[in-house]
Amino acid sequence: MISDGLILQRDQPARIWGFADPQERVTVTFDGATYTARADRKGNWLVILPATSWDGRTYTIKVNDIEVKDVIFGDVWVFSGQSNMQTPLERALDLYGDDVLHYTNPLIREFLVGEKYAYDGPQKDFASGSWKAVNPETCLKMSMIPYFFARQIYDTYQVPVAIIQCAVGGTAIESWMSPDDLKDYPQYAEALEAQRNPQPRGAGANFGAMFGGGRPGGGAAVERPVENPDYYTVDFDDSEWAPAYLPHYFREVGITGSALVYYRHDLWLTAEQAASKNNLLKLGTITQADETFINGIRVGTTGYEYPPRNYAFGEGILKEGKNVICIKLNGANANGGFYEDEQYQIRLGDENISLNDGWKVFFQEIPSNFNRPGGAPAQRPVVMQYVEKEIQHTSMVRNPFGLYWGMLSPVTNVNVSGIVWYQGETNSGNTPEYGTFLARMMKTWSKDFRNKNMPVIICQLASHQAKTFLPVQDGWANVREGQRLATHMLPNAALAVACDIGTWNNIHPINKKIVAERVAKGAMRTAYGETVVLSPECTKAELKDGKVYLSFSEIGNGLVVKGDEIKGFAVSDENGAYQRVNASILGNRVVLYVGGIKNPKKVRFLWKNYVREDVTLYNAEGMPVSPFEITL
């Protein structure tokens, strides 16, 4: 991290650290002054430079004979969590391309912390990494929330902004927690011991239970279907393939088990269309990994479910007359498929051509016992509800401490302005203590960063998963409530509500600029001392004469309804059964009409996984009311 392009936290003592021979004397030169340190017995050394404001200057820091150039002072922010904190800008060019592809700012820089799990104690530094300034090329791989947040902070305060990106897709909160945070939960100590002293694969009586069990093999090994590159070419005869329409479930085309699947689509173009230079193939979202070809040339590939298949390609691939698009899917199963409510089209310049109809499909089932002695299927870890990264996940994503020691600990060498956290999907449905975990973790991180009043902004989960009528799904709702409550357990925290964005069929919403702007508002209050209005939260519920009166914080200029009615409220009776209820605004309160409910007990608001279409209650400043649960 101490490398060219470094941004150090302004107006705080700056920490410069490194490694040398034991007891070696280290000399650091900065701004005409010299500072010395001596490495300890393990070779670690630290020099504290005086607090420096941003005044437009660029510095060189010299450590013995090594020069660190282009050093500036600004505001350093840490962004952590799982894949929604990683979602890159390149997935959202349809929304933001006209802006980000024309924006350059050498005073906004990102340091990407490499993924590392450590179970032998806190790591001191990073194996690799470099600072990258924002420009149209580097921004494509940058995460959307840090990127738009940094631009907002820069535009508001005109100071450099450092993004320290420290997130790993698919991870549980436990992976980011310290041993002390989980000391009251013995099962995590057992998990840590298992990582430190791993057993051979298959050892132990409970191996099958841990890894999803195994099926007894039988019969001879069966060969896996052979991939056929001829299927990608224009001249291949697909006349005997079955017709298909996108989107669909794989079972609708006859797939019953795992299969190797090919789709082909003939695309007839004029010479003018074929000569187009600004081309984009849009294939929605697919549950399987894909490789996609046009006229035998691979134009894109995605290794897991959630990213939209938006494959840009230039001139020279298309031709006048017949063109063929071919999609190869490996391991498709009956319940997978092409997502609904997505775009399936090809854009040639300013022209969009629908690709919903006209497909042909061919598949080969993959035997469950292919190419293994005795036909025994391999045992595969079952560690999470979904896979978010193009790597083979193991139980490490849920094991405690690994990322806290491997990735977060080295970051704590620097002083920072604050922390932004976006995580919780992996813990939905299985961590009732999520709010307590989150508050404990952030208190530990704040202590590690030497700031007990650390600004912390928590991104609440967006809307996702199947649509339902009654508030009976507790998974994501419980995590959202834990995130909300955690902000009240911390001394200086804010909540960025995101339930009004997201889609049922994509866990990674791409319109994250909205979330980033709300995170920036939270930072303005917690880190910059601004008076800003955030999302309203319910503070009190009173039952009187068949009505429930709800009071809220963060009213601002009043509560407003976007749409025809207030949606999302439900109240339980004495048996715990919930009914949806009507609501109206009365001054700065909301009134629920519960006369038909016997002995009302609890109020729930937006208490479902997918709630976006029910989000109609806001304050006048445009901030949605947070989901909540409250007892009467």
Practice prompt. Go through the steps for Ser354 and Asn356 under the test side-chain hydrogen bond (donor to acceptor under 3.5 Å, both in side chains), then give the verdict.
Written response: CA-CA 6 Å; Ser354 173; Asn356 293 101; 2.9 Å; yes

Item to complete: Start with the C-alpha gap between Tyr117 and Tyr404, add the side-chain angles, then the distance that decides, and say whether ring-ring contact (aromatic ring centres under 6.0 Å, His included) holds.
Response: CA-CA 8 Å; Tyr117 295 84; Tyr404 171 74; over 10 Å; no

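Counting heavy-atom neighbours within 6.0 Å of Glu252 CD, excluding the residue itself, gives a total above 12. Residue-environment remark: NZ (Lys322) exceeds the threshold of 12 foreign heavy atoms within 6.0 Å. Counted within 6.0 Å of CG on Asp230, heavy atoms from surrounding residues, nucleotides or ligands total more than 12; the atom is thus considered enclosed.
Under 4.0 Å is where a charged nitrogen must lie from a carboxylate oxygen, and between Arg612 and Asp500 no such pair does. Ion pairing between a basic and an acidic side chain is recognised when a charged N comes within 4.0 Å of a carboxylate O; Asp614 and Lys608 show such pairing.
When ring centroids are compared, Phe149 and Phe79 come within the 6.0 Å threshold.
Side-chain contact check for Asn335 and Arg251: at least one donor-acceptor pair (N or O, by modelled atom type) lies under 3.5 Å. A side-chain N or O of Asp290 and one of Tyr311 form a donor-acceptor pair less than 3.5 Å apart. Of the N and O atoms on the side chains of Asn330 and Gln288, not one donor lies less than 3.5 Å from an acceptor on the other residue. Between the side chains of Thr285 and Glu342, at least one donor-acceptor pair of N or O atoms lies under 3.5 Å. A donor-acceptor contact closer than 3.5 angstrom links the side chains of Lys282 and Gln343. For the residue pair Asp98 and Tyr96, no side-chain donor N or O sits within less than 3.5 Å of a side-chain acceptor on the partner. Using modelled atom types, one finds no donor on one side chain facing an acceptor on the other under 3.5 Å when comparing Glu365 with Ser258. Of the N and O atoms on the side chains of Arg264 and Tyr231, not one donor lies less than 3.5 Å from an acceptor on the other residue. Looking only at atom types and distance, the side chain of Glu517 has no donor-acceptor partner in the side chain of Gln152 under 3.5 Å away. Looking at Ser626 and Gln460, their side chains do bring a donor and an acceptor atom within 3.5 Å of each other. Between the side chains of Asn135 and Thr138, at least one donor N or O lies within less than 3.5 Å of an accepting N or O.
Checking side-chain atoms of Thr171 against main-chain N and O of Val168 turns up a donor-acceptor pair under 3.5 Å. Counting only distance, with no hydrogens or angles, the side chain of Ser143 and the backbone of Pro88 share no donor-acceptor pair below 3.5 Å.
Counting only heavy atoms from C-beta outward, the side chains of Tyr434 and Asn478 never approach each other to under 4.5 Å. Contact annotation: the side chain of Leu355 never approaches that of Leu246 to less than 4.5 Å [non-hydrogen atoms, C-beta and beyond]. Ile286 places none of its side-chain heavy atoms less than 4.5 Å from the side chain of Tyr339. By the 4.5 Å heavy-atom criterion applied to side chains, Met85 and Gln423 are not counted as neighbours. At a threshold of 4.5 Å between non-hydrogen side-chain atoms, the residues Pro627 and Trp607 do not count as touching. Side-chain contact between Ile346 and Phe313 is present, with at least one heavy-atom pair separated by less than 4.5 Å.
The two residues Ala516 and Ile145 make their nearest non-hydrogen contact at CB-O, 3.6 Å.
Arg151 forms no cation-pi arrangement with Phe148, by the criterion of a distance under 6.0 Å to the ring centre and an angle within 45° of the ring axis. Remark: Lys328 fails to qualify as a cation-pi partner of Tyr262 under the 6.0 Å distance and 45° angle criteria applied to the six-membered ring.
Classified by interplanar angle (parallel below 30°, tilted 30° to 60°, perpendicular above 60°), the ring pair Phe111/Trp131 is tilted. Ring planes of Trp421 and Trp176: perpendicular class, angle over 60° (limits at 30 and 60°).
Residue Leu283 holds its CG atom at 8.5 Å from CZ of Arg309, rounded to the nearest 0.5 Å.
Screening Phe362, Trp241, Phe338 for a ring-ring contact (aromatic ring centres under 6.0 Å, His included) involving Tyr263 leaves a single residue, Phe338.
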